[in-house]
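Because the structure is predicted, anything quoted here is derived from the model rather than measured. Quick note: residue numbers are just sequence positions, from 1. These numbers come from the heavy atoms of this one structure, side chains and all, not from hydrogens, waters or symmetry mates.
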Amino acid sequence: QDSLSMAMRHFTPCLLDGSYDHSCSLEVAIKDINLTVALDREFGANGSSRHADRVLPAVCDMYNEIGTHYDEDKWVTCNHMHVNALTEQSNNLQLRAARDGWTGPSPHGANSSYAHSTFYQDGLGRKQPVIPESFYDAEFVPSAEQQRVLDTMRDWLTYTNYLAYLDAEALATGMQLDPH
């Protein structure tokens, strides 16, 4: 169970069922990411030697770009993962599950009435939902090309997660938080 990160466990089902997760609006995501960039700039102006410049600026640019595709009054009803829809469009692909009518195991996705029935505690003490076996397709075997894409995505996500950690650490340093 611990092989999947908390974010992957939460967001992947909503990406695969095309709902893009209804738990956070695009409005909140755009506001938060721009405030975080401004905070990092302020820390730099106040002499912080570390900057959140590895992933944060690119993520901010992506959210601001998706914001231009919707009128501001739609930002409240459009959710934060629509940045993935923009990525799918610009790369001419869809990351949907192949089965018609499939909905991911998440109350934040296409089936808002879904309720997790089993949880476990991960190595960091966080309560995590167990994805039921019924959501796995035992007969599916990815093609060599699909496996290459999956491996590339895994490696890219692992690396960008590390860079995001370094950005978060730089922000914490700017806030003068104790690293312990």
Could I get the full list of side-chain contact (heavy atoms from CB on, under 4.5 Å) partners for Thr173, not counting sequence neighbours? Arg50
Determine, using the 4.5 Å side-chain heavy-atom cutoff (strictly less than), whether Tyr165 and Tyr159 are members of one ILVMFWY cluster. yes
Give every residue pair that meets the side chain to side chain donor-acceptor pair (under 3.5 Å) criterion with at least one member in residues 26-48, sequence neighbours excluded. Asn34-Asn64
side-chain hydrogen bond (donor to acceptor under 3.5 Å, both in side chains) filter on Glu145, not counting sequence neighbours, yields Arg148
Separation between CG of Asp61 and CD1 of Ile33, rounded to the nearest 0.5 Å: 9.5 Å
Please enumerate all residues that pass salt bridge (Lys or Arg N to Asp or Glu O under 4.0 Å) together with Glu133, with sequence neighbours excluded. none
At their closest point, which heavy atom of Gly104 faces which heavy atom of Pro13, and how far apart are they? CA-CB, 3.8 Å
Heavy atoms of Ala164 and Val55 approach each other most closely as N-CG2, 3.8 Å
Main-chain N/O of Leu56 paired with Asp167 side-chain donor or acceptor, under 3.5 Å: yes
Point-to-point distance, once rounded to the nearest 0.5 Å, from CD1 of Ile30 to CD of Glu65: 10.5 Å
Can you list everything that forms a ring pair (Phe, Tyr, Trp, His ring centres under 6.0 Å) with His108? Sequence neighbours excluded, please. His10
side-chain hydrogen bond (donor to acceptor under 3.5 Å, both in side chains) filter on Ser113, not counting sequence neighbours, yields Asn111
Who pairs with Ser23 by side-chain hydrogen bond (donor to acceptor under 3.5 Å, both in side chains), at least two apart in sequence or on another chain? Asp21
Give, for atom CG of Leu16 and atom OG of Ser106, the distance between the pair rounded to the nearest 0.5 Å. 11.5 Å
With heavy-atom distances below 4.5 Å as the criterion, would you say the side chains of Pro129 and Pro105 are in contact? no
Using the test side-chain contact (heavy atoms from CB on, under 4.5 Å), find all partners of Asn84 that sit at least two apart in sequence or belong to another chain. Leu15, Tyr20, Met81
Main-chain N/O of Cys24 paired to Asn79 side chain as donor or acceptor, under 3.5 Å: no
Who passes ring pair (Phe, Tyr, Trp, His ring centres under 6.0 Å) against His116, sequence neighbours left out? Tyr114, Phe119
Which is it for Arg126 and Tyr120 under the side-chain contact (heavy atoms from CB on, under 4.5 Å) test, yes or no, and what are the steps along the way? CA-CA 8 Å; Arg126 298 173 298 196; Tyr120 78 101; over 6 Å; no
Output all residues satisfying side-chain contact (heavy atoms from CB on, under 4.5 Å) with Leu166, sequence neighbours left out; order by chain, then residue number. Arg54, Tyr162, Leu163, Glu169
Any idea which heavy atoms bring Ala52 and Leu171 closest together, and the distance? CB-CG, 4.0 Å
Tell me every residue that passes salt bridge (Lys or Arg N to Asp or Glu O under 4.0 Å) with Glu88, counting only those two or more places apart in sequence or in another chain. Arg96
Counterpart residues, side-chain contact (heavy atoms from CB on, under 4.5 Å), relative to Gln147 (two or more places apart): Pro142, Leu150, Asp151
Going hydrophobic residue to hydrophobic residue with side-chain gaps under 4.5 angstrom, can you get from Phe43 over to Leu177? yes
